[in-house]
Amino acid sequence: MADSVVCVPELPEVESVRRQLHPALVGRVVVAAWVDRDGPRTSPVEHAAGLEVLDVVRRGKYLLLPLGDVEDGAEAELVLHLGMTGRFRIADGPQHPDLGHVRARFELDDGTWLLFDDVRRFGRVNLVEPGDHAGIPTLAALGPEPLSDDFDADAFAAALAATSAPVKARLLDQRLVAGVGNIYADEALWLARIHPRSRRVGRARAHRLHAAVRKVIAAAIEREGTTFRDYEMVNGQSGRNADFLVAYGRADLPCQRCGTPMRRTVVAQRGTTYCPDCQRA
DNA sequence: CACGCCTCCTGTGCGC
DNA sequence: TGCGCACAGGAGGCGT
C-alpha cells in the first residue's frame with residue numbers, strides 16, 4: 001500500500017522549492033514567457049517579458065514572484081502553484097530530459113530557463129497585478145503561516161469551536177492555517193491524538209493541535225519535505241521526510257505510540273490514516 | 001454563510 | 001499478456 005502512495009507538495013515541499021528557486025531567479029530579467037494554454041488554472045504570462053524577478057516568496061502552498069524594476073517596484077506578480085504533480089527545473093534551454101509535460105517556460109537574461117512541468121495540470125500559473133488575488137479565492141482567503149506569530153493558538157481554538165465540520169476538513173481548507181495538506185493533516189492529528197473526523201475540538205485539544213501543526217511542518221522543512229513519487233526539488237532530489245511519517249500511508253501498520261494497527265478511512269473526500277485507539281473523537 | 005459533494009487530470013497498479 | 005478500471009488529491013464550483 002505504502003509504495004502506491006503518491007505525495008503531493010504541501011508547505012514544506014513548496015518551501016524547499018522556493019529556497020532553490022530564490023538564488024536562481026532573483027535579479028534575473030525575464031526575456032520571454034510562455035504558458036501552454038489558457039484555462040481556469042493558467043492565464044497569459046507574455047507580459048512578464050522585460051521584467052526583473054524581485055523576490056521569490058511563499059504563502060501557504062503558493063509561490064509569489066513580484067516582477068518589475070528594482071527602483072520602481074513590482075509591476076506584476078507571478079502566482080505559481082504546484083498542484084499535485086508540478087515541478088520546476090532551471091535548465092540551459094527550453095527542454096529538459098527529466099520533464100515530459102512542460103506547461104510553462106520562462107527564458108531568463110543569463111541564458112537559463114525556468115521550466116514548469118505538470119503531468120496532471122492541477123498546477124497554477126497566473127500573472128496578476130501585484131497583490132491582486134481576487135481571481136484566486138484560496139490565496140485571497142489564506143490563513144496565517146503556521147510557523148509565524150500570526151498563527152495564534154487562541155484564535156485557532158476559537159475558530160475550531162465555531163465550526164461543525166470535521167477537524168481534518170478545517171485543516172485542509174487553508175483558511176485557519178496556510179499550507180497544510182493531506183499528509184501533514186494526518187501527521188498533526190496523530191501527534192495531537194485527535195480523531196480526524198472529530199467535529200468538536202475543545203480548547204485544550206485545539207492548543208495541542210496548534211503545537212502539532214507547527215512541529216510537523218517545521219520538522220518536514222528541516223528534511224526538505226516528503227517524497228514518495230511526484231514531488232521533487234528543483235535539482236531533482238527527494239526530500240527526506242518520508243521515513244519519518246507516523247500516520248500518512250501507514251494503514252494496517254502498528255501505531256508508533258500504542259501498537260494498535262492504524263486504520264484507513266475517508267474524511268473530507270481524502271484518504272485518511274489514524275490510530276483508532278489513541279485518536280478518539 | 002457553512003458545509004459537503006463533484007469535477008478536473010493522467011500515471012500507476014491491481015484484478016481478471 | 002493485456003485490458004479495464006479504481007485510485008491518488010488541491011482547489012474551484014455548485015447545490016443544499
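Throughout, a chain's letter reflects where its sequence line sits, starting with A, and its residues are numbered from 1. Keep in mind that what you see is a predicted model, and the values were worked out from it rather than measured.
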K.L.:
Given A:D173 and A:R170, is the salt bridge (Lys or Arg N to Asp or Glu O under 4.0 Å) satisfied, shown in steps?
P.N.:
CA-CA 5 Å; A:D173 85 7; A:R170 300 312 313 277; 3.1 Å; yes

K.L.:
If the cut-off is 4.0 Å, is A:R199 near the phosphate of B:dG4, judged by side-chain N/O to OP1 or OP2?
P.N.:
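For A:R199, the contact criterion (side-chain N or O under 4.0 Å from OP1 or OP2 of B:dG4) is met.
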
K.L.:
Ignoring hydrogens and geometry beyond distance, is a side-chain donor-acceptor pair present between A:E77 and A:H133 at under 3.5 Å?
P.N.:
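Note: A:E77 and A:H133 side chains meet the donor-acceptor criterion.
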
K.L.:
What's A:G271 touching, base or sugar-phosphate or nothing? Going by heavy atoms closer than 4.0 Å.
P.N.:
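The residue A:G271 makes sugar-phosphate contact but no base contact.
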
K.L.:
Does this structure show an ion pair linking A:E145 with A:R59, if we count only N-O contacts that are shorter than 4.0 Å?
P.N.:
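Judged by the 4.0 Å cut-off on N to carboxylate O distance, A:E145 and A:R59 do form a salt bridge.
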
K.L.:
C:dG12 C1' sits how many Å from A:Y62 OH, rounded?
P.N.:
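That distance rounds to 9 Å.
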
K.L.:
In whole Å, what is the span from the CG atom of A:D36 to the C1' atom of B:dC9?
P.N.:
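Atom-to-atom, A:D36 to B:dC9, this comes out as 13 Å.
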
K.L.:
Could you say whether the aromatic ring of A:F122 and the base of C:dA11 stack, counting only centre distances under 5.5 Å and plane angles under 30°?
P.N.:
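A:F122 vs C:dA11: stacking no.
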
K.L.:
To the nearest angstrom, how far is A:D118 atom CG from B:dT10 atom C1'?
P.N.:
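It is 10 Å, rounded to the nearest whole Å.
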
K.L.:
Look at the side chain of A:R120 and the base of B:dC8, then say whether one donor and one acceptor between them are separated by less than 3.5 Å.
P.N.:
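Donor-acceptor pair under 3.5 Å: no.
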
K.L.:
For B:dG11, take OP1 and OP2 only and decide whether either is under 4.0 Å from a side-chain N or O of A:H101.
P.N.:
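Yes, such a contact exists.
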
K.L.:
Could you check whether A:R197 and A:T265, counting side-chain N and O atoms only, form a donor-acceptor pair closer than 3.5 Å?
P.N.:
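There is such a pair between these side chains.
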
K.L.:
How many whole angstroms separate atom CG of A:L11 from atom P of C:dA11?
P.N.:
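Nearest whole value for this atom pair: 11 Å.
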
K.L.:
Counting only side-chain nitrogens and oxygens, does A:Q269 get under 4.0 Å of the OP1 or OP2 atom of C:dG9?
P.N.:
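Answer no for this pair, as no side-chain N or O of A:Q269 is under 4.0 Å from OP1 or OP2.
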
K.L.:
Would you kindly give the CG-to-P distance between A:L142 and C:dG10, to the nearest whole Å?
P.N.:
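Roughly 14 Å, once rounded to whole Å.
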
K.L.:
Given atom CG of A:L160 and atom C1' of B:dA2, what is their separation to the nearest angstrom?
P.N.:
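Whole-Å distance recorded here is 15 Å.
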
K.L.:
Does a donor on one side chain and an acceptor on the other come within less than 3.5 Å for A:D152 and A:H210?
P.N.:
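Their side chains do not contain a donor-acceptor pair, so the 3.5 Å distance test is not met.
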
K.L.:
Phosphate oxygens OP1/OP2 of B:dC3: is one of them under 4.0 Å from a side-chain N or O of A:T163?
P.N.:
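Checking B:dC3 against A:T163, a side-chain N or O does come within under 4.0 Å of OP1 or OP2.
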
K.L.:
Between A:A165 and A:R270, which is nearer to the 5' end of DNA chain B once each is assigned its nearest nucleotide?
P.N.:
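Counting from the 5' end, the first nearest nucleotide belongs to A:A165.
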
K.L.:
Within the structure, does a side-chain N or O atom of A:S164 lie under 4.0 Å from either OP1 or OP2 of B:dC3?
P.N.:
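The answer is yes; a side-chain N or O of A:S164 sits under 4.0 Å from OP1 or OP2.
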
K.L.:
Can you measure A:R175 atom CZ to B:dG4 atom P for me and round it to whole angstrom units?
P.N.:
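Going from CZ in A:R175 over to P in B:dG4 covers 12 Å.
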
K.L.:
Between A:R41 and B:dC9, is there a contact of a side-chain N or O with OP1 or OP2 at under 4.0 Å?
P.N.:
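No, because none of the side-chain N or O atoms of A:R41 sits under 4.0 Å from OP1 or OP2 of B:dC9.
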
K.L.:
Contact class for A:R121 (heavy atom, under 4.0 Å): base, sugar-phosphate, or nothing?
P.N.:
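Sugar-phosphate: the residue A:R121, judged by heavy atoms under 4.0 Å, touches backbone atoms but no base.
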
K.L.:
Looking only at side-chain atoms of A:I136, point me to the closest of C:dG10, C:dA11, C:dG12.
P.N.:
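From the listed options, C:dG12 comes nearest.
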
K.L.:
A:D173 has an atom CG; how far is it from atom C1' of C:dG10, in whole Å?
P.N.:
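The answer, rounded to whole Å, is 12 Å.
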
K.L.:
Side chain of A:R264 only, please: which of C:dA8, C:dG10, C:dG12 is the nearest?
P.N.:
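Within the option list, the nearest is C:dA8.
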
K.L.:
Taking the nucleotide of DNA chain C with the closest heavy atom to each, which residue, A:N182 or A:L139, is nearer the 5' end?
P.N.:
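By nearest-heavy-atom nucleotide position, the 5'-most residue is A:N182.
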
K.L.:
Just verifying a value: how many Å separate A:E13 CD and A:Y184 OH, rounded to the nearest 0.5 Å?
P.N.:
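So the CD of A:E13 and the OH of A:Y184 are separated by 3.5 Å.
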
K.L.:
Could you tell me whether the phosphate oxygens of C:dA8, OP1 or OP2, come under 4.0 Å of any side-chain nitrogen or oxygen in A:Y248?
P.N.:
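No, because none of the side-chain N or O atoms of A:Y248 sits under 4.0 Å from OP1 or OP2 of C:dA8.
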
